There are 2 protein chains.
Amino acid sequence: MKKVTINSVATYAGVSKKTVSRVLNNEPNVSPATREKVLKVFKELDYTPNPIARGLARNRSFIIGCLYDNPSKSYITRVQSGALEACHKHNYNLLIHPCELRGDALIENIEHLLTTSRLDGMVLTPPFSDSEELIAFLKKKNIHFARVASAIDDAESISVRSNDEQGAYEITEHLINLGHTSIAFIKGHPDHSATEQRFNGYQRALREHNIAFNPQLVAEGNFSYHSGADSAKAILDLNPRPSAVFASNDYMAAAVLKLATQRQLKVPEDISIAGFDNAPIARHIWPGLTTIAQPVEEMTRQAVEQLILQISDEQTPVYQATLEAKLITRESTAKPRC
Amino acid sequence: MKKVTINSVATYAGVSKKTVSRVLNNEPNVSPATREKVLKVFKELDYTPNPIARGLARNRSFIIGCLYDNPSKSYITRVQSGALEACHKHNYNLLIHPCELRGDALIENIEHLLTTSRLDGMVLTPPFSDSEELIAFLKKKNIHFARVASAIDDAESISVRSNDEQGAYEITEHLINLGHTSIAFIKGHPDHSATEQRFNGYQRALREHNIAFNPQLVAEGNFSYHSGADSAKAILDLNPRPSAVFASNDYMAAAVLKLATQRQLKVPEDISIAGFDNAPIARHIWPGLTTIAQPVEEMTRQAVEQLILQISDEQTPVYQATLEAKLITRESTAKPRC
DNA sequence: CCACACTCTGACACCGGTGTCATAATGTGG
DNA sequence: CCACATTATGACACCGGTGTCAGAGTGTGG
């Protein structure tokens with residue numbers, strides 16, 4: 001099968017390449033008759049323009065890269081979904097590139113990525129959105145990027161986040177209002193800025209409600225289900241046992257719920273459990289988890305949309321936004337048994 | 001900032017473009033001295049080759065597209081993970097493209113995708129791997145593709161699947177061996193060939209163990225948690241209630257478990273529950289779900305790897321493989337209470 | 001009828017690399 | 001020392017589009 005290029009179309013239609021190109025791009029100044037003729041030849045020859053050639057000429061790939069290193073599958077899926085929505089709206093496509101934050105290989109890895117695929121821009125999700133090193137590198141290389149859920153303050157680059165500290169504050173307050181005073185906390189992965197923010201929110205809520213902060217009630221997790229299971233063990237073994245557990249994400253909360261159930265504890269009667277993120281699992285288990293819903297898709301959608309705007313027009317003002325997180329109450333939290 | 005191209009490097013190093021290109025691609029017949037000199041200039045100018053230009057010259061984009069329309073996030077993540085492994089091994093990248101199987105827009109959608117991004121090949125996951133229409137289109141367009149978990153027999157295209165029928169047979173047999181004779185079944189989405197295959201396995205197991213097939217025990221699901229919840233309601237309302245439920249995937253099984261727990265039924269004492277896929281949720285809930293583990297990553301990895309081989313060398317023989325699924329026994333299945 | 005504006009079209013350079021081929025430089029055996 | 005093979009290098013066309021600009025054709029107002 002012969003390849004159909006713009007040249008074959010031009011020859012076949014008896015016009016110049018440039019005219020074909022004009023029709024292709026819906027440019028003005030083509031007579032209706034010529035346009036018709038060329039369009040007909042498109043059909044006849046089943047012509048598909050070559051995006052690579054176009055990319056070379058325009059110095060664009062129309063591809064956005066999405067960087068992540070995140071243990072939560074549902075988070076990634078939501079990120080992808082928001083990113084794709086914005087991409088498709090502007091005829092861009094999405095290339096995914098999971099990689100590891102740790103290790104000197106990061107910059108090398110990204111450099112290699114840029115050598116194998118020209119990306120018009122990159123969306124950085126946590127923990128990359130907090131990597132000063134990566135951000136410096138991208139700036140040096142003049143690569144457009146947008147930060148999602150980043151704690152860094154950088155007025156020069158696009159950033160969309162949600163208020164983790166406030167969310168953690170609200171869910172802790174929710175537990176306090178139910179009557180809990182002994183509330184355990186499971187931290188997330190130390191590389192993620194959300195970890196510190198959620199911890200801060202927890203502490204602020206205690207403070208503002210005059211409950212002494214007890215470091216013994218804090219377990220070190222890393223957002224994975226597995227780490228949640230370890231933390232759960234430590235917490236449920238405490239004596240006296242806290243009446244509530246607030247885990248920094250839903251997977252870890254689910255692990256607490258599982259262990260509690262295995263130990264014949266009733267949730268929420270014997271122990272209340274709260275999570276964060278509103279991952280699918282939060283509503284797929286019984287009792288459903290009280291949690292904080294963040295607009296992950298929307299954050300990413302906005303970030304990518306702004307990124308694309310910036311790519312198309314360097315003059316676009318740098319967009320920065322903070323979206324609201326929302327408390328979702330389900331069955332896993334209730335008044336403590338007295 | 002001046003753009004650094006192969007021309008600037010050539011001029012600066014005092015050699016020709018072609019020699020620079022040779023160094024870039026590690027081609028032989030470059031004297032060590034020249035190679036050194038050019039490499040030094042690479043560093044000095046901080047040169048990054050332009051993948052688009054390279055792609056145009058070689059008629060390659062080094063990008064594989066991954067097509068899916070699947071309600072299960074964990075399935076998608078596993079697919080992506082397997083595909084990425086193969087891609088990165090061969091210096092390819094992965095572009096994701098979720099879209100809907102239904103509607104005339106499918107072909108148009110893919111056509112548009114190919115107009116915006118030149119893909120060297122595509123991985124089709126269910127239900128696309130079973131779409132005769134799409135396959136015909138890709139063949140017509142001379143686009144390389146590989147099918148994952150496809151039920152279609154087509155000796156001309158790469159296919160990697162696992163044995164769903166056998167897996168369903170084994171898990172049903174497992175329930176029968178425990179002593180269950182009244183086993184409900186929840187079907188998957190009708191567009192997925194796995195749905196029929198799993199149903200067939202279920203029926204064959206009943207038949208081979210002389211248990212009459214009872215259509216009333218079959219509920220229509222679509223692989224989503226929500227559909228599982230509806231089916232669960234229908235099944236648990238049956239009188240007499242079956243002693244076991246086999247759902248076509250873990251999300252639906254989790255929905256059955258949730259409803260059963262809400263209704264104060266003990267699992268597995270009052271009712272056994274089995275799923276399929278070994279999704280994360282199967283081990284994140286209590287009791288853990290007995291299920292079938294399919295090597296999703298491995299299937300996709302092999303499919304993409306073969307796809308890349310085929311792209312690099314058209315002579316590569318068409319690879320077709322069927323991998324084994326494995327029964328995973330957890331706490332959700334046990335002897336029926338007599 | 002002429003001057004001028006506007007529409008339509010194509011020639012040609014260019015984007016930044018790679019492939020082909022000719023040629024210069026070097027090595028090797030007789 | 002010569003014939004010949006081998007290595008090293010560059011000139012140039014080419015991949016398949018887009019941008020610039022010149023020029024032909026058409027319309028309009030004075």
Side-chain angles (χ1 to χ4, degrees), chain A residues 1-39 41-42 45-63 91 114-120 142 312, chain B residues 1-39 41-42 45-63 91 114-120 142 312:
Chain A
M1 195 177 99
K2 191 86 185 61
K3 244 184 308 186
V4 182
T5 72
I6 199 170
N7 287 299
S8 24
V9 173
T11 309
Y12 195 90
V15 298
S16 74
K17 276 168 79 164
K18 183 61 208 184
T19 299
V20 178
S21 169
R22 286 196 181 92
V23 174
L24 212 49
N25 295 289
N26 273 314
E27 285 174 32
N29 298 339
V30 178
S31 74
T34 310
R35 191 179 297 273
E36 277 311 307
K37 190 169 58 182
V38 173
L39 286 173
V41 176
F42 282 175
L45 301 187
D46 194 19
Y47 168 67
T48 311
N50 182 330
I52 300 199
R54 191 183 290 208
L56 179 59
R58 292 205 190 144
N59 197 25
R60 284 282 160 73
S61 65
F62 296 98
I63 295 178
N91 287 331
L114 292 173
T115 309
T116 48
S117 272
R118 175 153 170 16
L119 302 178
D120 287 348
N142 269 325
S312 332
Chain B
M1 194 176 102
K2 191 85 184 64
K3 243 184 308 184
V4 183
T5 71
I6 198 170
N7 287 298
S8 21
V9 173
T11 309
Y12 196 90
V15 297
S16 73
K17 275 168 81 166
K18 183 60 209 185
T19 299
V20 177
S21 168
R22 286 198 181 91
V23 174
L24 212 49
N25 295 289
N26 272 314
E27 284 174 32
N29 298 339
V30 179
S31 75
T34 310
R35 191 180 297 272
E36 276 311 309
K37 190 170 56 181
V38 173
L39 286 173
V41 176
F42 281 174
L45 302 187
D46 195 19
Y47 169 67
T48 312
N50 183 330
I52 300 198
R54 190 183 291 208
L56 179 59
R58 292 204 189 146
N59 196 24
R60 285 283 159 73
S61 64
F62 296 98
I63 295 178
N91 287 331
L114 293 173
T115 308
T116 48
S117 273
R118 175 153 171 13
L119 302 177
D120 288 349
N142 269 326
S312 330

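Order of the sequence lines fixes the chain letters, A, B, ..., with proteins taken first and strands second; residue numbering starts at 1 for each chain. As the structure is a prediction and not an experimental result, all values here were calculated from the model.
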Could I get a table of every N or O pair under 3.5 Å where one atom is in the protein and the other is in nucleotides 9-15 of chain C?
residue : atom : partner : partner atom : Å
C:dT9   : OP1  : A:Ser31 : OG           : 3.2
C:dT9   : OP1  : A:Thr34 : OG1          : 2.4
C:dT9   : OP2  : A:Ser31 : N            : 2.9
C:dT9   : OP2  : A:Thr34 : OG1          : 3.4
C:dG10  : OP2  : A:Ser16 : N            : 2.9
C:dG10  : OP2  : A:Ser16 : OG           : 3.2
C:dG10  : OP2  : A:Thr19 : OG1          : 2.6
C:dG10  : N7   : A:Arg22 : NH1          : 3.4
C:dG10  : O6   : A:Arg22 : NH2          : 2.6

Taken to the nearest 0.5 Å, the spacing of B:Thr34 OG1 from B:Asn29 CG works out to 11.5 Å
CZ/B:Phe42: more than 12 non-hydrogen atoms of other groups inside 6.0 Å: yes
OG1/B:Thr11 to CD1/B:Ile6 distance, rounded to the nearest 0.5 angstrom? 10.5 Å
Whole-Å distance between C:dG16 P and A:Arg60 CZ? 14 Å
Round to the nearest Å and state the distance from A:Asn26 atom CG to D:dT18 atom P. 12 Å
Just the rounded figure in Å: distance from P of C:dC6 to CD of A:Glu27. 19 Å
Distance (rounded to the nearest 0.5 Å) between A:Leu114 CG and B:Asn50 CG: 11.0 Å
Looking at C:dG17, I'd like to know if its phosphate oxygens (OP1 or OP2) sit under 4.0 Å from a side-chain N or O belonging to B:Tyr47. yes
B:Ser61 and its side-chain contact (heavy atoms from CB on, under 4.5 Å) partner, picked from B:Ile52, B:Leu56, B:Asp120: B:Asp120
Donor-acceptor contact present, side-chain B:Ser117 to main-chain B:Leu119, <3.5 Å: no
For a quick check of understanding: with a heavy-atom distance under 4.0 Å over all strands, which category does B:Pro51 fall into, base, sugar-phosphate or nothing? nothing
In whole angstrom, give the distance that lies between atom CG of B:Asn25 and atom C1' of C:dG19. 11 Å
